[in-house]
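First the structure, in the form of structure tokens, and then the observations on it.
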Amino acid sequence: MSSIAASRSPDPAVEETPAAVRMASAACAFGAADLDAALIDEAKTCLRDLIGCACESRALPWSRQACATIAATPAGASIVGEAGAYAAGDAAFVNAVMGHGLVREDMHAGSISHLGIVVLPTVLALAETRAVAGADFLAAIVVGYELGAQLGRAVMNAEVAKIHRPTGVTGPVAGAAAAAHLLKLDVNAYTSALAFAANASAGFNQWAWTGGSEMFFQAGLAARSAVTAVGLAAAGAYGSPSAIDGAAGLCAALGRAEAGANLRPFAAEPEILRVYHKAVPACNFAQTPALAALRLARTKSIAPARIASILVRVPRAGALYPGCDYAGPYANVLQGKMSIQYNVAAALLTGEITERNFDLLADPGLARLVSATRLEVDPALTAAYPGLQGGEVLVTLADGTQHAVRLEDVVHASAEEVARRFEAAAAKVFGAARAAEIAETIDTLEQRPDAGALARLLRA
């Protein structure tokens, strides 16, 4: 078979070397030996975050609905907290839905994507199908985040994201990149895997206006598509090397035909180091405003009844993202989790940011504060985004007194906080002894000969 990497694309819209080939070549050149302490630590934090979120969301409707669509097999991959084994694609699907279930997953702002909820369920499922060293498993995670983030940076902007779900676009490619690395595919097969994954990129953002649950299943479908894409490539199926940047490829479909030239994995700091972990169980764009409102509530002791108006300043991307500039009515939890107005009002009303805030959908006090809230696009915050994701909340009281908090960037949940959340959630599902074993396995993963042991520990 002739080398894809050596061939010149006949498509005049494509560079000398198609984007998928460049991406596959860069990924194949990265290995366990390239992992440093920072990359290992962040990959482990991403794993803890994903597993912790999945443990907490197991009983939520979308998690149970995802489980209802699959059937156990005699042997296969594990689903967090479930008994039995499942086909790898099915396990990846359900674990992705569960990992997304709280809307508190990790976030890569530059790509507007939640990469971990696709990459991690994919590699966990496939690590149970063959022996994979822990260091190779971690390297595959880093590669998955890298290629998914690079794609998102290239094709996603505020206008594209108004319609197309970023994670639905980047997720299949990110998951397939990680899986192809895990299976040690050569550049040709790797390129085909990325091509098939690009063809599976999909997902629209209408759910954000209605509170539809498509959002959760988009992550699951992306993970399942990643497993399928890599399986096809490993079986010898040929995918177009220009599926991403060709005249009729993914970038062109999104109206970003020129974006393929910007795909240069590992040309700068690895993208996984730019991931942050949410402090607020809500939309990415609601994070900073909610945290600013929380700081006001806690430092100024503002009585909600005294609030006359609330001005929230956000980057343009935050105001445009579907569901974020929404003042109700709120028929379901997801509408509240997406709405900046809701999250700001709830933080001011309760003085906290927890899942309990989303029990207030019909609360009259919250409705009053939401009706008094206005969003404004801030030029300075817009210019700083996505490098910084700032926000400001200005509260005016009935007597004219004003209080404001401006945060120039989102406040992350620390690695220590992510670990505490994970340990508490795992203990509730598995018991203290098994939770401690899972934690120890993650802590020493780079030294272990079989990464699949981690996935098997997640089975009930």
Side-chain angles (χ1 to χ4, degrees), residues 22-52 105-111 113-124 126-127 131-153 170 173-185 187 190 263-278 386-388 409-410 412-420 422 438-455:
R22 298 197 309 272
M23 295 165 77
S25 299
C28 287
F30 185 91
D34 298 302
L35 294 171
D36 59 20
L39 291 173
I40 291 171
D41 288 347
E42 181 54 32
K44 291 177 180 179
T45 297
C46 291
L47 276 167
R48 294 185 191 101
D49 211 2
L50 183 281
I51 295 168
E105 59 292 302
D106 66 36
M107 178 71 196
H108 183 273
S111 62
S113 296
H114 308 296
L115 299 168
I117 57 175
V118 180
V119 169
L120 302 177
T122 301
V123 293
L124 282 167
L126 291 176
V132 179
D136 292 333
F137 181 84
L138 293 169
I141 291 172
V142 172
V143 166
Y145 276 80
E146 183 72 17
L147 269 61
Q150 281 278 308
L151 177 63
R153 282 190 188 277
T170 62
V173 171
H181 204 275
L182 198 75
L183 272 56
K184 298 187 183 299
L185 299 188
V187 172
Y190 207 126
L263 290 163
R264 304 287 177 184
F266 295 111
E269 179 185 56
E271 296 284 5
I272 195 171
L273 298 180
R274 304 184 190 191
V275 165
Y276 84 86
H277 301 273
K278 288 182 178 179
L388 299 174
D409 198 9
V410 64
H412 306 180
S414 67
E416 294 74 20
E417 175 59 24
V418 170
R420 285 194 295 271
F422 151 72
I438 295 169
E440 170 66 13
T441 301
I442 295 173
D443 289 344
T444 58
L445 196 51
E446 72 276 21
Q447 304 164 22
R448 292 180 174 264
D450 179 18
L454 172 61

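Count residues from 1 along the sequence.
- Partners of Glu440 under the salt bridge (charged side-chain N to carboxylate O under 4.0 Å, His left out) rule, at least two apart in sequence or in another chain, do not exist in this structure.
- With sequence neighbours excluded, the residues that form a side chain to side chain contact (heavy atoms under 4.5 Å, CB included) with Asp409 are Leu388, Gln389.
- Counting all heavy atoms, side chain and backbone alike, Ala451 lies closest to Gly134 at CB-CA, 4.1 Å.
- For the pair Ala27 and Val143, the tightest heavy-atom approach, listed with the atom from each and the gap, is CB-CG1, 3.6 Å.
- Side-chain contact check for Phe422 versus Ile438: some heavy-atom pair is nearer than 4.5 Å.
- The two residues Pro270 and Leu39 make their nearest non-hydrogen contact at CB-CD2, 3.7 Å.
- To the nearest 0.5 Å, atoms CG (Leu454) and CD1 (Ile51) are separated by 5.0 Å.
- Between the side chains of Thr170 and Ser111, no donor N or O sits under 3.5 Å from an acceptor N or O.
- Nearest heavy-atom pair, Ala179 versus Leu126, reported as atom, atom and distance to 0.1 Å: CB-CD1, 3.4 Å.
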Side-chain donor/acceptor pairs under 3.5 Å, residues 114-123, sequence neighbours excluded:
{"unit_1": "His114", "atom_1": "ND1", "unit_2": "Asp106", "atom_2": "O", "d": "3.1"}
{"unit_1": "Thr122", "atom_1": "OG1", "unit_2": "Val118", "atom_2": "O", "d": "2.7"}

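- Put simply, the side chain of Phe266 does not reach to within 4.5 Å of the side chain of Gln150, judged on heavy atoms.
- Expressed to the nearest 0.5 Å, how far CD1 of Ile442 lies from OG1 of Thr45 amounts to 9.5 Å.
- Listed by first and then second residue, the salt bridge (charged side-chain N to carboxylate O under 4.0 Å, His left out) pairs involving residues 135-146 are Asp136-Lys184 (not counting sequence neighbours).
- Here Ala38 pairs with Asp36, Leu273 under the side chain to side chain contact (heavy atoms under 4.5 Å, CB included) rule; sequence neighbours left out.
- Atom NE2 in His181 sits 5.5 Å away from atom OH in Tyr190 (nearest 0.5 Å).
- Note that CG of Leu138 is 10.5 Å distant from SG of Cys46, once rounded to the nearest 0.5 Å.
- Taking Arg274 as the reference, His108, Arg153, Ala268, Glu269, Glu271 meet the side chain to side chain contact (heavy atoms under 4.5 Å, CB included) condition, with sequence neighbours excluded.
- Residues in residues 441-450 take part in these salt bridge (charged side-chain N to carboxylate O under 4.0 Å, His left out) pairs, two or more places apart or across chains: Lys44-Glu446, Arg48-Asp443, Asp450-Arg456.
- Every residue meeting the side chain to side chain contact (heavy atoms under 4.5 Å, CB included) condition with Gln447, not counting sequence neighbours, appears here in chain and number order: Thr444.
- What you find for Ala177 and Leu147 is that their closest heavy atoms are CB-CD2, 3.6 Å.
- In terms of heavy atoms, Ala139 sits closest to Ala32 at CB-N, 3.9 Å.
- For the pair His277 and Glu42, the minimum side-chain heavy-atom distance is below 4.5 Å.
- The shortest side-chain heavy-atom distance between Val410 and Met107 does not fall under the 4.5 Å cut-off.
- Side-chain contact between Ile141 and Leu47: present, with at least one pair of heavy atoms (C-beta onward) separated by less than 4.5 Å.
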